[in-house]
Visitor: 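There's a structure below that I have some questions on.
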Amino acid sequence: MIDTENLSKQFGSHTAVDRLTLHIGEGEVFGFLGPNGAGKTTTVRMLTCLIGPTQGRATVMGYEVGKDSQSIRRHVGLLTETPGMYDRLSALKNLTIYAELYEVPDVPGQVEKYLRLLGLWERRQDAAGTFSKGMKQKLAIARALLHEPKILFLDEPTAGLDPEAAKLVRDFILEVKAQGRTIFLTTHNLDEADRLCDRVAVFNQRLRVIDTPQGLRQEMYGRQVVFHLADTAVPYQPTLQNLPYINRLEAIDNKLVVALDDPETHNPELIRLLVSAGANIQFVGELRHSLEDIYLRLVNES
Amino acid sequence: MKKIRTIIGKEWAEVFKNRLVLFSVIFLPLMLTILPLATIWGMSRFPASASSSVSTEEIEFFGDLCVGLTENECVMVYTLSLYTLLFMILPVMIPVTIAAYSIVGEKATRSLEPLLATPITDIELLTGKAIAAIVPAILATWLAYFVYAIGAVIMLGAELALAYVFAPVWVLAIFVVGPLMTFLSVSIAIMVSARVTDPRVAEQLSGLVVLPIILLLVGQSVGWVVVSRDMIYLIGVIVLILDVVLGFITVKSFQRETILTQWK
Ligand SMILES: Nc1ncnc2c1ncn2[C@@H]1O[C@H](COP(=O)(O)OP(=O)(O)O)[C@@H](O)[C@H]1O
Ligand SMILES: [Mg+2]
């Protein structure tokens, strides 16, 4: 659905996006992760034909950015970084304007459908400016969906929202995802990317890495199992030392941290060995690295 | 075409909730209608020297304006032509407020980016914004002129009023040159609006388009120029040419990317 090849954007001498190459499939929720100033908004603006690339090329739904811009605009939805509602106009009026601009066949029907979906039908005559931040953001997402685009671009959809409003918006995104749309979501919130996205790219001017959230964890750290013992773990380290399938072994206080490729197969044996060596096992668990660890490692590497 | 209508509707829905705009669309024409009427009223109540004929110096000053009139009538007619010229400020001033906000206003509220992401063309957007500013300006001008004319007929009598307030040259000025000027000032205001980052700056800069008219007004009131029919024709032609040129430049210079990414 979205393919880019060495897509770049230069502002004067400053390179905001440097040779980005991506392939995003249909129905995928793709997280574009990066710190402030990474070039996320610039990338979204290029892909939605608001600004032109200075180098490289991109196609969206088979249409070429810069050539078939009008077709792309017709077929994608965009939630901009700031919602940019007409605050003085009612929710109904805001959506109606956009439905008309997007040439929606049944304007009143489509507007009503989304206002009801958002639970805003009763408040349709209220000025958009009177809505809470979270509601406004949902209204802005609905505005981007009026023409039922196959691809939805969401630029930091939960930035600046309080946790409750952010959850409201995130749940709405999950609903949209369930309808099978392709979503390109930028965020600097790792937890959000982890929860919403099928794949994530860590990006900071250049593409650092791209994988599923789970894949990223494995790639960076492998899989790790922790054994919590009742007393200090050091004496039991030799018990497991020379097993061929263990990649790494570490004893910290009362914990044994074991890195191995296939814990499902080998954990039972490890437990048996430890128990027969006299260890009192309290818990066994998998150590999950948060996306944050990975992200920080990648972003700071540059 | 439908999108142009959408933009016009949106502009009106939004802009007329703005006090500043309402002020300029209502207050300015109102003032320019009341002021001349009050002056005529005052003059007709306190005639200077009822029947003395026009002196030589005065003939020099007023040119062929006063041929065959009493001094009192001459002063009145002169005052009227001054005010009618003042009326020409309306079609220039009223749309400036609306048009000056048109692009930079949307930039300030961040609504420009989602708008430009829709499949609307530059021409559709600019036409919608221009019409939204032009139509109320022209209507307000005509309405004000209509009220002024009726007042003049009542106070001066139909004959004098028809000869001077409704003189063909002024009808031409108000109904043809006026709208042409409106288009010009809207083009300029939109162009300025697309280039600045602060709505107030846009308004102040665009407001400068009224200067030539003020100059003309000052010129006439100190006797440098007398606005004649030929002069109105000349102004009309010049404005028409400027309309074409500036309209073209406004559309050509509308660069979405530059407008969107202007960096402080
Ligand atoms: N119009 C512009 N002119 C100059 N520099 C810009 C412009 N827009 C963005 N930048 C720069 O490009 C970089 C990327 O910006 P942006 O895409 O907004 O980042 P993000 O959305 O990831 O926070 C930043 O360093 C920013 O300063
Ligand atoms: Mg951004």
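Naming: A, B, ... by sequence-line order, numbering from 1 per chain.
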Visitor: Just checking Q179(A): does its CD atom have more than 12 heavy atoms from other residues, nucleotides or ligands closer to it than 6.0 angstrom?
Guide: yes
Visitor: Give a yes or no on this: more than 12 heavy atoms of other residues, nucleotides or ligands lie within 6.0 Å of atom CZ of R116(A).
Guide: yes
Visitor: With a 4.5 angstrom heavy-atom cut-off, is it the side chain or the backbone of E106(B) that approaches chain A, or both, or neither?
Guide: side chain
Visitor: Within residues 85-107 of chain A, which positions have a heavy-atom distance to chain B below 4.5 Å?
Guide: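 Those residues of residues 85-107 of chain A which have a heavy atom under 4.5 Å from chain B are Y86(A), R88(A), L89(A), K93(A), I97(A), Y98(A), E100(A), L101(A), Y102(A), E103(A).
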Visitor: Please report the closest heavy-atom contact between S111(B) and G84(A), naming both atoms and the distance.
Guide: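 That would be CB-O, 3.2 Å.
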Visitor: Which atoms of L112(B) are under 4.5 Å from chain A, going by heavy atoms: the side chain, the backbone, both sets, or neither?
Guide: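 Looking at L112(B), nothing touches chain A.
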Visitor: Sort by residue number and list every member of residues 118-127 of chain B having a non-hydrogen atom under 4.5 Å from chain A.
Guide: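 Contacts with chain A: T118(B), P119(B), I120(B), T121(B).
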Visitor: Has R19(A) got more than 12 heavy atoms of other residues, nucleotides or ligands less than 6.0 Å from its CZ?
Guide: no
Visitor: Can you tell me if CZ on F11(A) sees more than 12 non-hydrogen neighbours from other groups inside 6.0 Å?
Guide: yes
Visitor: For the SG atom of C49(A) and the CD atom of E257(B), what is their distance to the nearest 0.5 Å?
Guide: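 Reported value, rounded in 0.5 Å steps: 11.5 Å.
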Visitor: State, with a plain yes or no, whether a side-chain heavy atom of E113(B) is found less than 4.5 Å away from one of T82(A).
Guide: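 E113(B) vs T82(A): side chains apart.
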Visitor: Can you tell me if K67(A) has over 12 outside heavy atoms packed within less than 6.0 Å of its NZ?
Guide: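 No, because the 6.0 Å sphere around NZ of K67(A) holds 12 heavy atoms or fewer from other groups.
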Visitor: For K2(B), is it the side chain, the backbone, both, or neither that has a heavy atom closer than 4.5 Å to a heavy atom of chain A?
Guide: neither
Visitor: Report the distance from atom CG of L116(B) to atom OG1 of T80(A), rounding to the nearest 0.5 Å.
Guide: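 One finds 10.5 Å between CG of L116(B) and OG1 of T80(A).
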Visitor: More than 12 heavy atoms of other residues, nucleotides or ligands under 6.0 Å from CZ of F248(B): yes or no?
Guide: no
Visitor: Within residues 139-153 of chain A, which positions have a heavy-atom distance to chain B below 4.5 Å?
Guide: R143(A)
Visitor: By number, which residues in residues 22-31 of chain A have some heavy atom less than 4.5 Å away from chain B?
Guide: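 So far as heavy atoms go, nothing in residues 22-31 of chain A approaches chain B to under 4.5 Å.
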Visitor: Can you tell which of T48(A), L50(A), T42(A) has the highest number of heavy-atom pairs within less than 4.5 Å of chain B?
Guide: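 Ranked by heavy-atom pairs under 4.5 Å with chain B, first place is L50(A).
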Visitor: On a heavy-atom basis, which atom in R45(A) and which in T261(B) lie closest, and how many Å separate them?
Guide: NH1-CG2, 3.9 Å
